[in-house]
Amino acid sequence: MKDTSDLLAFLNNTNNTRDLDNYLSSIDNRYPDSLSSYLKMTLNEKNVSPSELIKRSRIERTYFYQILNGRKKPGRDKVISIALALSLSLEETQRILTLAEAGVLYPKSKRDSVLIFALNNHYSIIETNLLLNKYNEVDLI
């Protein structure tokens, strides 16, 4: 998979529809465009079972499967909990937040800054909640 910035650079330098057609064919079905498809792909890539992710994320089992099947749209904190449980990078986390239509993390926000720190340092949900409490911010779960 190519980095988003590489894909954007290609598009910025494309000036004919033939190249656009080739580009669209190359990305078709390679880059998930829904939260559920992205989660399924990520679980597979990271070799994590749904049950293991449920334990790590502390999300209720039935609710998680509804998210995974695309029947429920999770809130921002649930998406961040999933990202922490999967040890996603900040870029990957921003992607799933975007797919979930939950708003990306914003470094000018105190709480979001703490969450960015936790993601970058691979904190667990419990460690992240302790850090949030230290800075008088609301827990994830």
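FYI, the numbering just counts along the sequence from 1. All values reported here derive from a predicted model rather than from experimental measurement. Side chains are part of it too, since the values below use all heavy atoms of this structure and drop only hydrogens, waters and symmetry mates.
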Inset, instruction - Determine which pairs satisfy side chain to side chain donor-acceptor pair (under 3.5 Å) with at least one residue from residues 6-16, sequence neighbours left out, and list them in order. - result: N16-D19
Legend entry - Any side-chain heavy-atom pair of L20 and L11 under 4.5 Å: yes
Legend entry - Salt-bridge contact R56-E52 (side-chain N to carboxylate O under 4.0 Å): yes
Legend entry - Heavy-atom closest contact (P107 atom, S113 atom, distance): O-OG, 2.8 Å
Inset, instruction - For E92, enumerate each residue passing the salt bridge (charged side-chain N to carboxylate O under 4.0 Å, His left out) test, keeping only those at least two apart in sequence or located in another chain. - result: none
Legend entry - side chain to side chain donor-acceptor pair (under 3.5 Å) involving S124 - partner list, sequence neighbours excluded: E127
Inset, instruction - Search all heavy atoms of L68 against all heavy atoms of S36 and return the closest pair with its distance. - result: O-CB, 3.0 Å
Legend entry - Pair I59-I54, side chain to side chain contact (heavy atoms under 4.5 Å, CB included): steps then yes or no: CA-CA 6 Å; I59 295 174; I54 289 166; 5.8 Å; no
Inset, instruction - Quick one: sort the Y23 and F10 rings into parallel, tilted or perpendicular, breaks at 30° and 60°. - result: parallel
Legend entry - Y63 atom OH, over 12 foreign heavy atoms within 6.0 Å: yes
Inset, instruction - Check whether more than 12 heavy atoms from other residues, nucleotides or ligands sit under 6.0 Å from atom CZ of R111, and answer yes or no. - result: yes
Inset, instruction - Applying side chain to side chain contact (heavy atoms under 4.5 Å, CB included), name anything that partners R76, two or more places apart in sequence or on another chain. - result: I80, L97, A102, L105, D112
Which donor-acceptor pairs under 3.5 Å do the side chains of residues 130-141 make with protein atoms, sequence neighbours left out?
residue : atom : partner : partner atom : Å
N133    : ND2  : N129    : O            : 3.2
N133    : ND2  : D139    : OD1          : 3.3

Legend entry - Of all pairs that satisfy side chain to side chain donor-acceptor pair (under 3.5 Å), the ones with a partner from residues 65-74, not counting sequence neighbours: K73-E101
